[in-house]
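The structure displayed is predicted, hence computed values, not measured ones.
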Amino acid sequence: MWDVTPREAIQIQHRLNRLINLSWDGRKVSTLAGLDVSFPDKKTVLGAIVILSWPDLKVLETKTVTQPCRFPYVPGLLAFREVPVLLFGLSKIRREPDLLLCDAQGLAHQRRMGLATHLGILLDKPAIGCAKSVLYGTYEESSDEKGSISYMYDDFGDVIGAAVRTRKGVKPVYVSIGHRIDLEKAIEVVLACSPKYRIPEPLRLAHKLSVGEVIDVDASDEEGSLF
DNA sequence: GCGACAG
DNA sequence: ATCTTGTCGC
């Protein structure tokens, strides 16, 4: 029932690991995608994608797709469970997003291969990992203020991400490089995407979409259906 | 051997 | 992730 065994999955991660690009090429960003996955039942994976304009964050397009579940949840191997449906969903989107914002880790992973990095490498597209809790890494509690950041380190003392407070008094979100971006730029994007809530707007909307809520596309941007 | 553990 | 009620805080 599995596409690969957990052991093979780890080998794949070690192989893809070498393709990570840790720098931002300075490209102009005009759209970004918020990605999320849900499980309507134990045998189905549902991928939700919301394309937003940047930096005004208007909804340009949405899409949901489903597939049969192919891999169990194993900490550290999340990509093998959720990436397939996201690739499928992205293939059905009209606009090509400049940046992918994932509800998962990127480099802040035991093998530096979180879902955001995995997906970014497969598509060779800029990607950011933004999770609600920690999978791997340690950091010191910092200021309670909005915008405070505390770097996360692996067992060797290398920086692998940052705990970022998007609102005063809330738990931080954990930001890390996915692919083709640097940590400063990733943090900048996440903060700019979180003007009102703890969770960045693209991810908040993608999550709502994944659980069945209707996300209205901004009226002024529907020229795609005019003809 | 005993915890920890994205979603 | 998903299942669920009340409840603490601004």
Side-chain angles (χ1 to χ4, degrees), chain A residues 2-3 6-7 9-10 12-13 16-17 20 33-50 64-89 100-122 127-139 144-146 150 152-155 160-179 183 186-187 190 196-200 202-213:
Chain A
W2 297 355
D3 290 344
R7 180 175 177 173
I10 290 175
I12 291 173
Q13 291 184 322
L16 288 178
N17 178 41
I20 302 178
L35 314 175
D36 194 33
V37 174
S38 68
F39 299 81
D41 61 70
K42 293 186 176 180
K43 292 185 175 181
T44 310
V45 266
L46 186 161
I49 298 170
V50 176
T64 61
V65 294
T66 62
Q67 281 184 342
C69 204
R70 305 181 194 190
F71 200 87
Y73 171 67
V74 179
L77 300 181
L78 185 66
F80 294 85
R81 181 172 169 78
E82 305 191 345
V83 158
V85 77
L86 291 177
L87 287 175
F88 181 40
L100 304 178
L101 187 53
C102 308
D103 180 25
Q105 310 290 351
L107 276 192
H109 176 280
Q110 43 271 67
R111 288 173 292 280
R112 298 189 168 199
M113 273 300 293
L115 183 155
T117 299
H118 196 122
L119 183 61
I121 287 176
L122 293 187
I128 296 172
C130 180
K132 298 180 291 298
S133 60
V134 177
L135 165 66
Y136 175 78
T138 58
Y139 70 97
D144 185 69
E145 297 304 305
K146 169 181 182 177
S150 179
M152 300 170 70
Y153 302 85
D154 63 13
D155 292 336
I160 55 174
V164 180
R165 199 91 58 180
T166 54
R167 300 288 293 171
K168 176 182 171 64
V170 301
K171 280 176 40 181
V173 291
Y174 305 90
V175 181
S176 57
I177 291 173
H179 183 58
L183 187 53
I187 292 173
V190 168
K196 196 168 162 56
Y197 303 96
R198 179 174 87 110
I199 305 302
L203 295 183
R204 241 176 39 77
L205 295 176
H207 183 262
K208 284 192 171 189
L209 183 62
S210 77
V211 295
E213 286 192 43

Nearest heavy-atom pair of [X] and [Y]: which atoms, and what distance?
| X | Y | value |
| --- | --- | --- |
| A/R198 | A/V173 | O-CG1, 3.7 Å |
| A/A104 | A/L115 | CB-CB, 3.8 Å |
| A/P75 | A/L135 | CB-CD1, 4.4 Å |

Enter the distance from [X]:[atom1] to [Y]:[atom2] here, rounded to the nearest 0.5 Å.
| X | Y | atom1 | atom2 | value |
| --- | --- | --- | --- | --- |
| A/L35 | A/I128 | CG | CD1 | 11.0 Å |
| A/Q13 | A/F80 | CD | CZ | 5.0 Å |
| A/I49 | A/L100 | CD1 | CG | 8.5 Å |
| A/L107 | A/H179 | CG | NE2 | 11.0 Å |

* Is there a donor-acceptor pair under 3.5 Å between the side chain of A/S210 and the backbone N or O of A/S38? -> no

* To do: In plain terms, say whether A/K208 and A/D36 are close enough for a salt bridge, that is, a side-chain N and a carboxylate O under 4.0 Å apart.
  => no

* Salt-bridge criterion met for A/R165 and A/D144 (N-O under 4.0 Å) -> no

* Describe the nucleic acid contact of A/H207 in one word from base, sugar-phosphate, nothing, applying a heavy-atom distance below 4.0 Å. => sugar-phosphate

* Structure fact -> 5' to 3', nucleotides 4-10 of chain C under a 4.0 Å protein heavy-atom cut-off (B base, S sugar-phosphate only, - none) gives -------

* When you check every protein heavy atom under 4.0 Å of nucleotides 1-7 of chain B, what one-letter string (B, S, -) results, 5' to 3'? -> ----BBB

* Identified stems (criterion: three or more consecutive Watson-Crick or G-U pairs, under 3.5 Å), DNA chain C -> none

